[in-house]
Amino acid sequence: MEKVFSSFDEAVSDIFDGAVIMVSGFGGTGGTAQNLIVALRDHGASNLTIISNTAGLASLMGFGTLPGHSAIDCGILIDNDQVGKLIASYPVSPSPSKINSFESHFREGKIGLELVPQGTLAERIRAGGAGIPAFFTPTGVGTELSEGKEVREFDGRSYIMETALKSDFALVKAHKADTLGNLSYKGTSQNFGAVMVRSSGISIVEVDEIVSPGQIESHLINTPALFVDRIVKR
Amino acid sequence: MEKVFSSFDEAVSDIFDGAVIMVSGFGGTGGTAQNLIVALRDHGASNLTIISNTAGLASLMGFGTLPGHSAIDCGILIDNDQVGKLIASYPVSPSPSKINSFESHFREGKIGLELVPQGTLAERIRAGGAGIPAFFTPTGVGTELSEGKEVREFDGRSYIMETALKSDFALVKAHKADTLGNLSYKGTSQNFGAVMVRSSGISIVEVDEIVSPGQIESHLINTPALFVDRIVKR
Amino acid sequence: MLDRLPREVIAMRVARELKDGDIVNLGLGIPSLCSQYVPEGRTILYHSESGVLNYGPMAEQGEEDDDLINASGQFLEPTPGMSFFHSADAFGMIRGGHIDVTVLGALQVSEKGDLSNWMLPSRGIGNVGGAMDLAVGAKRVIVAMEHKGRHGEPKVVSECSFPLTSPTCVSLIVTDIAVISVEQEGLILRETAPGWRLEDIQNETEPELIPANDLKEIEI
Amino acid sequence: MLDRLPREVIAMRVARELKDGDIVNLGLGIPSLCSQYVPEGRTILYHSESGVLNYGPMAEQGEEDDDLINASGQFLEPTPGMSFFHSADAFGMIRGGHIDVTVLGALQVSEKGDLSNWMLPSRGIGNVGGAMDLAVGAKRVIVAMEHKGRHGEPKVVSECSFPLTSPTCVSLIVTDIAVISVEQEGLILRETAPGWRLEDIQNETEPELIPANDLKEIEI
């Protein structure tokens with residue numbers, strides 16, 4: 001029942017080649033498990049499928065990164081050729097003249113992409129954690145992202161069927177954890193992490209602080225302990 | 001943009017005959033909008049469809065009710081013949097010898113019932129608020145509650161399709177509101193209310209206290225203001 | 001006449017199945033007693049579909065709070081590290097496979113592990129509540145019940161005649177006379193109440209029981 | 001040569017569409033400027049899919065916090081009554097119809113209100129982000145953009161040739177030369193930039209514009 005790990009390296013040591021990994025964060029440094037990502041880079045597991053909102057906007061262009069700070073995000077795993085497939089909503093630079101490694105690897109045919117609208121991505125991840133294998137959504141109807149998907153009408157409006165996403169591991173950043181595994185986040189840094197911990201076989205969470213049960217007040221717990229497997233302090 | 005109403009009666013005055021109404025609460029008094037329910041009883045709207053976890057367990061048998069206290073719940077609307085249909089997971093008394101008005105009206109053919117597993121009920125209400133018209137769930141497969149429902153396999157397991165629930169009005173109890181409509185709840189009293197406010201045309205919320213924006217700390221807001229239309233202080 | 005185990009002892013036996021770190025949801029009746037008998041040194045986090053994880057014992061008289069209840073409407077004590085959530089999340093946890101063990105009561109359990117626990121056909125209407133979600137969603141479903149019904153009818157049956165809660169979901173049945181596991185090959189009688197022989201238990205059971213190689217008396 | 005309206009004036013014109021109490025989600029670029037120009041006395045609650053409702057203005061230098069950003073990665077000031085949520089809830093709000101107005105940029109808008117704003121075909125890959133969810137989910141979609149592209153090509157087109165974000169979703173187009181509403185009967189030219197006549201605007205627009213009965217100059 002011990003969830004606290006003493007090092008980032010140890011916490012990611014059993015990630016295997018070909019694993020499906022969810023990586024938290026909206027795109028900036030807030031909510032991104034920078035140390036776990038470095039540990040996974042050093043660990044070297046290859047042919048990973050990464051599920052993430054972006055392919056790394058903070059490291060590419062300072063998106064959501066404090067002035068003068070440097071940033072690490074899942075982009076370094078792609079730089080390091082560890083990723084075989086990306087499932088994301090915002091995989092490339094907003095500027096066509098600024099190319100990230102995802103885009104160059106993609107053009108070389110070295111990496112696969114499943115491009116998913118951001119809300120559909122979040123909902124598919126939630127579904128994976130909530131025992132819902134598939135659902136219908138209006139998002140993407142009539143666009144190329146709905147090609148090959150089942151379309152069905154409800155009350156005269158068209159919807160497409162989307163399926164749940166699950167992962168072997170999630171690398172998530174939260175603000176505080178207690179030793180039971182309860183988590184709290186700061187501000188806008190819940191984003192994908194608070195959903196990904198629910199749908200991963202093993203959720204690994206990097207936090208600023210680890211406290212005793214009760215030191216995060218019950219009403220401030222965003223993620224109940226049952227979703228959390230491993231905790232490492234920054 | 002004024003959401004604060006000065007009386008329960010005024011807050012429910014436009015509820016029309018035949019309206020679909022969600023009523024919060026798990027079954028006990030916590031999280032049940034007792035004063036709004038009384039106002040709706042006095043208002044007299046008829047042929048209502050009520051969506052609620054129970055048909056009133058607090059008023060029937062003191063479920064979740066403090067010792068020595070009396071309780072009001074949606075049972076009084078059924079007593080008062082205002083309900084034509086109930087959508088619930090726990091409609092009758094747990095004891096066959098204790099009959100509530102729902103059960104006697106049901107036997108007389110005076111009220112319809114859609115019996116829904118509790119988790120499916122909660123998920124259908126969430127879906128209604130999240131723009132998801134339908135989803136697949138394993139709950140109820142192979143039982144009489146799945147009769148007539150579409151069954152589909154995903155990864156070798158069977159699931160049934162369930163559709164979203166929406167309502168014209170929701171009567172919800174929260175602990176605090178600020179004047180923008182942000183809500184906080186106490187303990188286990190979020191239950192159905194925190195989901196119902198999302199899927200109702202007009203959400204009407206009974207609270208213990210109304211405060212200025214900022215007096216509910218951001219991290220303690222359970223329900224963001226955009227889900228809340230009307231607030232009345234107890 | 002052979003002694004039947006009291007409800008507390010059934011709960012005690014079930015409690016031994018709960019492992020350190022388990023997330024557990026306890027149903028009404030005998031199941032709700034289990035939390036009192038968890039062996040020392042094991043940390044169990046209790047989940048209730050009323051919207052709480054890691055709740056404490058029942059509240060003392062005078063300490064009751066109607067904003068802190070379990071799914072049976074009982075008042076709970078707060079605990080350090082307790083957390084709250086709404087019903088859609090509470091059942092996302094259940095359906096999503098985040099509950100390790102649920103202990104449920106039953107009207108009937110079949111040879112294949114089918115469970116019926118929500119409606120008496122004689123009443124014609126019943127409360128499904130969270131039973132179907134728990135039966136389908138929890139990683140392990142344990143039934144805790146009296147071995148036979150009020151009128152002496154068997155509750156461990158060949159086929160459920162009452163409306164199903166879920167097919168093939170039960171993995172262990174703990175009663176006032178036996179511990180039975182539901183396996184591919186059938187119902188395996190694992191443990192007996194003191195003094196009860198296979199044939200005594202078979203007499204009160206509709207499908208055939210297969211004695212375990214290491215069949216023994218229940219130890220608490 | 002006729003003067004085109006600066007970006008700030010486009011944003012100012014759009015801001016007049018925002019009503020007291022509206023929940024508004026602003027996209028990147030010109031849309032993000034709108035919040036500065038809301039007429040006095042109107043309370044607007046801004047939503048960002050980064051997970052915040054009712055955020056404040058951009059943070060001052062030295063006050064930045066990477067745990068408080070909008071969907072463009074800009075740092076925000078906290079506001080009394082601001083609330084936070086995860087991505088599934090953020091998009092539940094959008095898809096569920098809880099956003100009154102979204103203001104988006106566009107690469108192309110068609111006569112029928114089809115929107116293309118996520119991929120330049122010449123690049124062959126693009127970022128869809130939250131655009132499809134917003135286009136489909138918000139009660140009202142307003143496009144704020146320059147009337148023609150960098151190479152002089154029309155952006156108000158008969159049919160979108162770029163990949164669609166969503167068909168028939170746009171209700172109002174505000175550009176640097178015109179305000180156009182998308183109606184059943186076609187594109188209605190409602191307002192013109194000062195000095196611009198119908199035919200000047202038509203020259204830069206692919207589908208036919210129908211002048212409104214009360215066609216007038218943009219008033220800010």
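The structure presented is a predicted model; accordingly, all values stated were derived computationally and were not measured. Proteins come first, then strands; the chains are lettered A, B, ... in the order of their sequence lines, and each starts at number 1.
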Working for side-chain contact (heavy atoms from CB on, under 4.5 Å), residues D:R123 and A:V92: CA-CA 11 Å; D:R123 190 177 186 186; A:V92 296; 3.6 Å; yes

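- Chosen from A:S146, A:P67, A:A194, the residue pairing most often with chain D at heavy-atom distances under 4.5 Å is A:P67.
- Residue D:L68 touches chain A through both its backbone and its side chain, counting heavy-atom pairs closer than 4.5 Å.
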Determine, stepwise, if the pair D:H86 / A:R198 fulfils side-chain contact (heavy atoms from CB on, under 4.5 Å). CA-CA 12 Å; D:H86 58 60; A:R198 307 181 186 193; 3.5 Å; yes

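- For A:L113, the part lying near chain D is the side chain, with the backbone staying farther off; criterion is any non-hydrogen pair under 4.5 Å.
- The line from NZ of A:K186 to CG of D:D65 is 5.5 Å long, rounded to the nearest 0.5 Å.
- For a residue to count as touching a neighbouring chain, one of its non-hydrogen atoms must lie under 4.5 Å from one of that chain's; by this rule D:M119 touches chain A with the side chain only.
- Only the side chain of A:R107 comes within less than 4.5 Å of a heavy atom of chain D; its backbone N, CA, C and O stay farther away.
- A distance of 7.5 Å separates OG1 in A:T143 from CG in D:L164, rounded to the nearest 0.5 Å.
- Of the listed residues (D:G62, D:A90, D:A71), the greatest number of heavy-atom pairs within a distance under 4.5 Å of chain A belongs to D:A71.
- Neither the backbone nor the side chain of D:Q74 comes within contact range of chain A; no heavy atom of the residue lies under 4.5 Å from a heavy atom of that chain.
- Atom CG of D:D133 and atom CD of A:E123 lie 10.0 Å apart (nearest 0.5 Å).
- Heavy atoms of D:F85 lying under 4.5 Å from chain A belong exclusively to its backbone.
- Contact annotation for D:A131: neither backbone nor side-chain heavy atoms come within less than 4.5 Å of a heavy atom of chain A.
- The distance from atom OG1 of A:T139 to atom CE of D:M132, rounded to the nearest 0.5 Å, is 9.0 Å.
- Note on D:I69, D:V128, D:N127: by heavy-atom pairs under 4.5 Å with chain A, the leading option is D:N127.
- Proximity to chain A is absent for every atom of D:S122, based on heavy atoms less than 4.5 angstrom apart.
- Contacts of D:L76 with chain A are absent, with no heavy-atom separation under 4.5 Å from either backbone or side chain.
- Looking at A:F26, the atoms closer than 4.5 Å to chain D (heavy atoms on both sides) all sit in the side chain, from C-beta outward.
- Interface remark: D:L134 contributes no atoms to any contact with chain A (heavy atom separation under 4.5 Å).
- Highest contact tally toward chain A, considering only D:L28, D:I125, D:V52, is held by D:I125 [criterion: heavy-atom pairs under 4.5 Å].
- A:T29 contributes atom OG1, which lies 7.5 Å from atom CG of D:D67 (distance to the nearest 0.5 angstrom).
- With chain D as the partner, the residue from A:T120, A:L145, A:I125, A:T137 showing the most heavy-atom pairs under 4.5 Å is A:L145.
- Of the listed residues (D:S116, D:S87, D:G51), the one with the most heavy-atom contacts under 4.5 Å to chain A is D:S87.
- When each of A:G193, A:A127, A:A88, A:S95 is checked for heavy-atom pairs under 4.5 Å with chain D, A:S95 comes out on top.
- The side-chain heavy atoms of A:T188 and D:M82, taken from C-beta on, include no pair separated by under 4.5 Å.
- In this structure, the portion of D:S72 lying under 4.5 Å from any heavy atom of chain A is its backbone and not its side chain.
- No part of A:T54 comes within reach of chain D, as not one of its non-hydrogen atoms sits under 4.5 angstrom from that chain.
- Looking at A:Y185, there are no atoms closer than 4.5 Å to chain D (heavy atoms on both sides), in backbone or side chain.
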